[in-house]
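Beneath this line is the structure, given in structure tokens, with notes to follow.
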Amino acid sequence: MRFTKDHEWVEVAGEVATVGITAYAAEQLGDVVFVETPDVGRQVKAGDSFAVVESVKAASDVYAPVSGEVVESNGEVADAPETVNASPEAAGWFAKIKLANPAEVDALMDRPAYEAFLQTL
Amino acid sequence: MSMQTVGRPTRPEAVAADASAASLSGGHGLQQDEPLIFELGGWEKTGVDLPAPDADASDLGDLARTTPIGLPGLSEPETVRHYVRLSQKNHAIDLALYPLGSCTMKHNPRLNEKVARLAGFADLHPLQPVSTTQGALELMDRLAHWLKTLTGLPAVALPPKAGAHGELCGLLAIRAAHEAAGHGHRRQVLVPSSAHGTNPATAAFVGYSVTEIAQTADGRVDLADLAAKLGPEVAAIMVTNPNTCGLFERDIIEIARLTHQAGAYFYCDGANFNAIVGRVRPGDLGVDAMHINLHKTFSTPHGGGGPGAGPVVMSQALAPFAPAPWVTHGPDGLSLTEEAVGEAVQAFGRMCAFHGQMGMFVRAYAYMRSHGADGLRQVAEDAVLNANYVKARLSGEMSAAFPDGPCMHEALFDDAWLEGTGVTTLDFAKAMIDEGFHPMTMYFPLVVHGAMLIEPTETESKAELDRFCEALLQLARAAKAGEAERFKAAPRLAPLRRLDETLAARKPRLTWRPDAPTVAPTPLAAE
Amino acid sequence: MRYLPLTPADRAEMLAVIEAPDIDALFKDVPAAARAKDLFDLPLHAGELEVERELSALAGRNRAAGAGPFFCGAGAYRHHVPATVDHIIQRSEFLTSYTPYQPEIAQGTLQVLFEFQTQVAALTGLEVANASMYDGSTACAEAVMMAQRVTRREKAILSGGLHPHYAATTQTIAHAEGMEIVRLPAAVDAEAAVLDVLDAETACVVVQTPNVFGVATDVTRIAEAAHAAGALLIVVTTEAVSFGLLKSPGEMGADIAVAEGQSIGNSLNFGGPYVGLFAAREKLLRQMPGRLCGETVDAEGRRGFVLTLSTREQHIRREKATSNICTNSGLCALAFSIHLSLLGEAGLRQLAELNHARARELKTALTAVPGLEVLTPRFFNEIAVRLPRPAAEVVEACLADGVVAGVPFSRLNPAGGMDEVLLIAATETTTIQDIAALARALTRSLGR
């Protein structure tokens with residue numbers, strides 16, 4: 001699993017990357033009440049805002065950590081947003097992206113680096 | 001993701017009711033628990049006696065409704081009880097100091113209510129022949145004169161129905177002015193990071209992109225950052241003065257000068273006008289357009305969330321673009337220009353139907369006439385004095401966000417003084433409820449951590465200010481003494497404990513639905 | 001000064017606590033050039049007696065609607081509001097309270113909003129309603145913006161029967177947002193003409209029933225055609241009492257219904273404050289503007305109400321908000337809700353039937369006036385007539401006879417080419433004698 005400075009995670013299997021927000025981000029947000037996931041077929045570039053996660057008092061943009069085409073959107077977080085709080089780095093994934101440029105993933109932090117980064121905040 | 005640091009708990013810990021003070025049947029002394037009107041079982045009742053119609057609706061054919069609407073009815077005594085019981089669950093200005101920063105919760109004079117209800121104002125149709133409404137048009141004209149004189153700007157658009165609506169009006173006039181001058185390429189608006197949310201929301205609504213201006217360490221607009229960001233793409237800046245931190249922008253004249261030099265307009269959010277009314281004219285500061293919240297500075301009642309009124313004063317440059325309608329003087333008396341034709345052709349269009357919030361104009365005008373030039377000046381002075389007094393008294397225990405120098409009509413604190421106590425701004429606010437006060441504005445402006453914005457207004461006596469300060473000082477000491485439980489459990493003395501906002505947002509229930517369909521007609525369309 | 005509690009002694013004491021020499025020291029950040037040394041050129045303060053005198057004199061120069069036969073409608077209607085309503089809205093806890101941001105001490109306001117939302121959803125036949133908007137015209141504009149967000153299309157078609165002020169307001173807002181507005185020419189009975197212009201770029205069609213000419217239309221067919229083209233149907237109603245008698249917008253297929261609620265609970269007030277009703281299909285909820293009140297429980301498990309889904313709104317979403325709206329029309333919504341609670345289902349129905357019956361009497365009387373042509377086939381309580389002369393002149397002539405005959409359409413739309421059209425409304429406050437007086441006055445003025 002790789003991580004961005006904006007608290008998104010990426011898990012790659014073959015050509016497809018599963019994306020979500022980290023446990024740290026979910027905890028900072030508080031109770032998640034709504035998730036807006038991207039439409040299947042959408043093209044995203046790394047850094048584009050491609051989803052929104054809402055708590056009662058705040059709405060946060062989620063940025064695509066990698067570029068590619070959205071091939072799957074997680075219906076479960078739409079129906080049960082609490083999944084993001086319960087399982088942010090597994091069942092609470094947002095979307096699956098078919099990688100346009102697999103090398104982008106290598107530039108992201110691994111877990112030890114992300115943990116170290118969190119210490120600096 | 002963009003990290004929002006304002007996220008905070010929105011689902012309270014479940015607690016057991018305090019059984020020791022419980023009554024036998026569920027009543028609470030002077031307070032009642034009141035069901036919804038849909039649960040009172042009055043599906044056939046009515047509290048109005050109407051004569052029988054002497055014709056039927058057969059001429060309507062299949063246009064006539066055949067299904068029930070699903071509305072309960074109550075007799076008059078039941079109606080009065082229902083709403084009086086509900087009213088007892090509300091806090092209000094008439095009960096205690098209501099310290100909501102940036103809302104100006106001043107006393108609502110009852111004379112204003114009386115004169116607004118005169119038949120000549122209340123029972124007047126907007127489209128009657130103008131010869132039958134000369135008094136109303138005259139009042140609008142006099143109100144306009146007061147607003148222009150108090151602000152030092154030569155024109156005013158009366159129609160906007162609220163502050164945000166006024167912002168929209170101001171920006172639309174600015175946009176129209178730029179387009180008329182061939183500067184339609186100016187698509188950017190600069191807004192300080194401390195701005196009220198309506199500012200960027202309005203700018204975006206009008207099709208502008210919003211760029212933030214940085215703030216200095218002493219809570220003002222960063223002039224260097226402003227100068228760097230002004231350019232040929234900027235249509236306007238939107239600045240609140242005094243600003244949302246309760247501070248007067250010392251460099252306001254330079255801010256205006258830089259803005260004008262760059263070919264942009266200066267829109268001023270007039271929400272905090274109460275601090276300077278009668279002492280400072282925004283026109284003298286270089287403002288081009290400013291909305292005035294009549295429900296703030298000019299005492300029209302907040303009514304649980306509205307109605308408001310947000311007339312916009314405008315400079316000479318923007319005046320031609322003000323929206324219709326406006327009052328005009330003619331040989332036969334007063335009239336209304338209602339269309340953007342002839343001399344009014346540059347008016348950018350209509351903001352709403354009819355002429356604006358006349359009911360609020362009457363109230364605001366009565367307020368202005370009651371205070372006069374001398375009273376209004378005293379209003380600003382007492383408002384500023386009261387806020388500085390509160391700031392001085394509380395600063396011993398609480399950390400002022402900008403301790404150096406005076407504040408204007410509101411005092412801003414951050415939550416640095418709560419560090420290590422386990423008590424948050426939210427908890428502190430809820431504990432204020434148990435002390436008998438409505439909480440101050442919390443977590444606004446966003447630029448200050450755990451912000452607490454207190455605006456007492458000028459209609460508070462010294463006794464009430466002292467009562468308020470004493471309560472907060474006691475709470476502050478309790479927080480620092482480790483009594484976190486008092487705050488976490490608060491409020492305990494309000495009609496309800498903390499509410500589960502998470503549940504409300506995850507599973508929205510926005511209308512009543514019958515659980516047992518047999519007790520009432522099916523009211524609504526299928527889910 | 002009666003509203004300022006501080007005494008000179010208080011002020012001196014407070015300045016000492018602040019450690020400021022005088023009040024001017026607290027204003028030191030104001031640039032010297034901008035400090036007004038003298039009082040502004042405005043009258044000094046005045047006692048209640050004097051203020052009341054001035055306001056009474058101004059009010060006395062207006063002819064109240066109730067002073068004689070009165071037939072103005074066109075988006076604002078004179079109804080009788082029971083005494084209880086005005087009495088309750090002046091209770092301190094309703095009048096002087098704020099937006100319910102601290103729900104524990106605002107359950108009065110919040111429960112009223114929940115009841116109001118339920119009533120509005122019931123009246124419009126739709127599933128969700130918000131806690132009110134400024135008025136019907138801005139609600140109409142907001143509905144069009146919402147349709148743009150939902151369909152991601154840029155065109156809106158406004159019928160020729162839509163109130164011209166509503167059309168103009170919508171045009172102003174839509175122009176700001178870059179939408180294309182197709183505004184059909186004024187037409188008495190042609191709501192369906194919107195279908196002639198409907199295409200794949202249309203976000204919504206906006207029709208009004210009863211429309212500005214009083215015409216009541218079954219818009220079911222329009223709904224079907226709009227949906228087939230992927231567009232939304234927005235139905236506008238300016239006379240809320242009509243919901244008591246006519247098929248609801250929801251029943252006829254509307255996706256969004258907006259209305260002016262003034263007719264219920266609120267006086268004419270020369271045009272404001274009024275109250276906008278806004279309802280929509282549940283699936284469109286997240287794109288709705290305005291405040292929403294929702295049900296929940298407190299920490300002890302008791303039922304309560306809170307403002308919810310706030311992330312759509314300006315104070316959170318800022319530049320990405322669904323609207324810039326901050327206030328709703330709280331006290332006017334309360335008045336609406338109280339009046340509707342008093343009326344109930346049976347009462348509203350009866351009130352609506354009374355209005356319609358009066359309008360039928362009106363039509364009979366008008367039909368007998370020589371030279372006058374009734375244009376409205378099916379109506380609720382308002383009728384458009386064509387006169388042989390400009391309607392504005394006829395209204396002036398009738399005024400000389402003590403009758404306010406109605407609203408000339410040219411007042412709403414001077415360039416609409418319908419200067420001879422007069423809009424005449426009757427409500428439960430209209431008497432048989434009023435109608436007879438109108439008929440006489442019209443006959444006299446047309447006979448000249």
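- Stacking of B:R279 on the aromatic ring of C:F27 is recorded, both the 6.0 Å distance cut-off and the 45° axial limit being met.
- Interface residue C:V404: only side-chain heavy atoms are found under 4.5 Å from chain B.
- Residue C:C72 touches chain B through both its backbone and its side chain, counting heavy-atom pairs closer than 4.5 Å.
- Interface residue C:I18: backbone and side-chain heavy atoms are both found under 4.5 Å from chain B.
- Taking CZ of C:F94 as the reference point, atom CG of B:D94 lies at 13.5 Å (rounded to 0.5 Å).
- Contact of C:P82 with chain B is made through the side chain alone, with heavy-atom distances under 4.5 Å.
- The greatest number of non-hydrogen atom pairs below 4.5 Å with chain C, out of B:Q88, B:Q128, B:H438, is found for B:Q128.
- Distance CG/C:L44 to CZ/B:R377: 12.5 Å, rounded to 0.5 Å.
- Ring pair B:H107/C:Y3 is tilted by interplanar angle, where 30° to 60° counts as tilted.
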* **Audit row: C:L340, B:L71, side chain to side chain contact (heavy atoms under 4.5 Å, CB included) steps and yes/no** => CA-CA 8 Å; C:L340 207 50; B:L71 292 173; 4.1 Å; yes
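- When all heavy atoms of C:L123 and B:R65 are compared, the pair lying nearest together is O-NH1, 3.3 Å.
- Heavy-atom contacts from other residues, nucleotides or ligands closer than 6.0 Å to CG of C:D41 number 12 or fewer.
- The contact between C:E396 and chain B is made entirely by side chain atoms (from C-beta outward), counting heavy-atom distances below 4.5 Å.
- Just one residue in the list B:R369, B:R117, B:K114 forms a salt bridge (charged side-chain N to carboxylate O under 4.0 Å, His left out) with C:E52, and that residue is B:K114.
- Proximity to chain B is limited to the side chain of C:V306, based on heavy atoms less than 4.5 angstrom apart.
- In this structure, C:L412 and B:L127 have side chains that are in contact, with non-hydrogen atoms separated by less than 4.5 Å.
- Side-chain N or O atoms of B:Q378 include none that pairs as donor or acceptor with a backbone N or O of C:L4 at under 3.5 Å.
- Of the atoms belonging to C:T217, it is backbone heavy atoms, and not side-chain ones, that fall under 4.5 Å from chain B.
- Chain B forms more heavy-atom pairs under 4.5 Å with one residue of C:T296, C:L331, C:T96 than with any other, namely C:T96.
- Counting heavy-atom pairs closer than 4.5 Å to chain B, the top-ranked of the candidates C:G344, C:A357, C:G108 is C:G108.
- When heavy atoms are compared at a cutoff of 4.5 Å, C:L354 approaches chain B by way of both its backbone and its side chain.
- For the pair B:E34 and C:Q107, the minimum side-chain heavy-atom distance is 4.5 Å or more.
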* To do: Would you please test C:R11 and B:D382 for side chain to side chain contact (heavy atoms under 4.5 Å, CB included) and show each step?
  => CA-CA 8 Å; C:R11 293 186 185 107; B:D382 286 356; 2.8 Å; yes
* Before giving the answer on side chain to side chain donor-acceptor pair (under 3.5 Å), spell out for C:H165 and B:R350 the whole-Å C-alpha distance, their side-chain angles and the decisive distance to 0.1 Å. => CA-CA 7 Å; C:H165 286 187; B:R350 214 173 233 289; 3.3 Å; yes
* Assess whether salt bridge (Lys or Arg N to Asp or Glu O under 4.0 Å) is satisfied between C:R360 and B:D56, documenting all intermediate values. => CA-CA 9 Å; C:R360 287 186 73 169; B:D56 62 24; 3.0 Å; yes
* Which is it for C:R2 and B:S370 under the side chain to side chain contact (heavy atoms under 4.5 Å, CB included) test, yes or no, and what are the steps along the way? -> CA-CA 9 Å; C:R2 60 188 181 278; B:S370 295; 2.8 Å; yes
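- Among C:L15, C:I338, C:T138, the residue with the largest count of heavy-atom pairs under 4.5 Å with chain B is C:I338.
- No other option in B:E44, B:K462, B:Q134, B:H91 has as many heavy-atom pairs under 4.5 Å with chain C as B:K462.
- Here B:T133 is the residue among B:T133, B:D284, B:V206 with the most heavy-atom pairs under 4.5 Å with chain C.
- Using a 4.5 Å cut-off between heavy atoms, C:D10 contacts chain B through both its backbone and its side chain.
- Residue contact with chain C, scored on non-hydrogen atoms closer than 4.5 Å, involves the backbone and the side chain of B:L150 alike.
- In terms of heavy-atom pairs under 4.5 angstrom with chain B, the leader among C:E428, C:M14, C:E251 is C:M14.
- Considering CD1 of C:I88 and CG of B:L86, their distance stands at 9.5 Å, rounded to 0.5 Å.
- Of the atoms belonging to C:S248, heavy atoms from both backbone and side chain fall under 4.5 Å from chain B.
- Taking the six-membered ring where the residue is Trp, C:Y134 and B:H165 present tilted rings, their angle falling between 30° and 60°.
- Neither the backbone nor the side chain of B:P323 comes within less than 4.5 Å of any heavy atom of chain C.
- Contact of B:A392 with chain C is made through the side chain alone, with heavy-atom distances under 4.5 Å.
- The shortest distance between side-chain heavy atoms of B:R498 and C:E104 falls below 4.5 Å.
- Between chain C and the residues B:I93, B:D500, B:D374, the largest count of heavy-atom pairs under 4.5 Å involves B:D374.
- For C:A25, the part lying under 4.5 angstrom from a heavy atom of chain B is the backbone only.
- Below 30°, between 30° and 60°, or above 60°: for B:H302 and C:Y98 the angle between ring planes is above 60°, a perpendicular geometry.
- Remark: B:L118 CG to C:N62 CG distance equals 10.0 Å, nearest 0.5 Å.
- Interface residue C:L334: only side-chain heavy atoms are found under 4.5 Å from chain B.
- The contact between C:L285 and chain B is made entirely by side chain atoms (from C-beta outward), counting heavy-atom distances below 4.5 Å.
- For the atom pair B:F121 CZ and C:S267 OG, the distance stands at 13.5 Å (nearest 0.5 Å).
- Of all the listed residues (B:A373, B:A162, B:S87), the one sharing the greatest number of non-hydrogen pairs under 4.5 Å with chain C is B:S87.
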* Show the numbers, then the answer: is there a side chain to side chain donor-acceptor pair (under 3.5 Å) between B:Y83 and C:S341? => CA-CA 10 Å; B:Y83 289 99; C:S341 298; 2.8 Å; yes
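- A heavy-atom distance below 4.5 Å is found between the side chains of B:L503 and C:V297.
- Looking only at heavy-atom pairs under 4.5 Å with chain C, the residue among B:R393, B:M351, B:H125 that has the most is B:H125.
- With rounding to the nearest 0.5 angstrom, the CG atom of C:L268 is 12.5 Å from the CE atom of B:M358.
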* Asked: Going through the distances and angles, do B:N90 and C:T109 end up as a side chain to side chain donor-acceptor pair (under 3.5 Å)?
  -> CA-CA 7 Å; B:N90 275 359; C:T109 297; 2.8 Å; yes
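- Residue C:R78 touches chain B through its side chain alone, counting heavy-atom pairs closer than 4.5 Å.
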* Please walk me through it: do B:K89 and C:E93 pass side chain to side chain contact (heavy atoms under 4.5 Å, CB included)? -> CA-CA 8 Å; B:K89 296 174 186 246; C:E93 299 91 331; over 6 Å; no
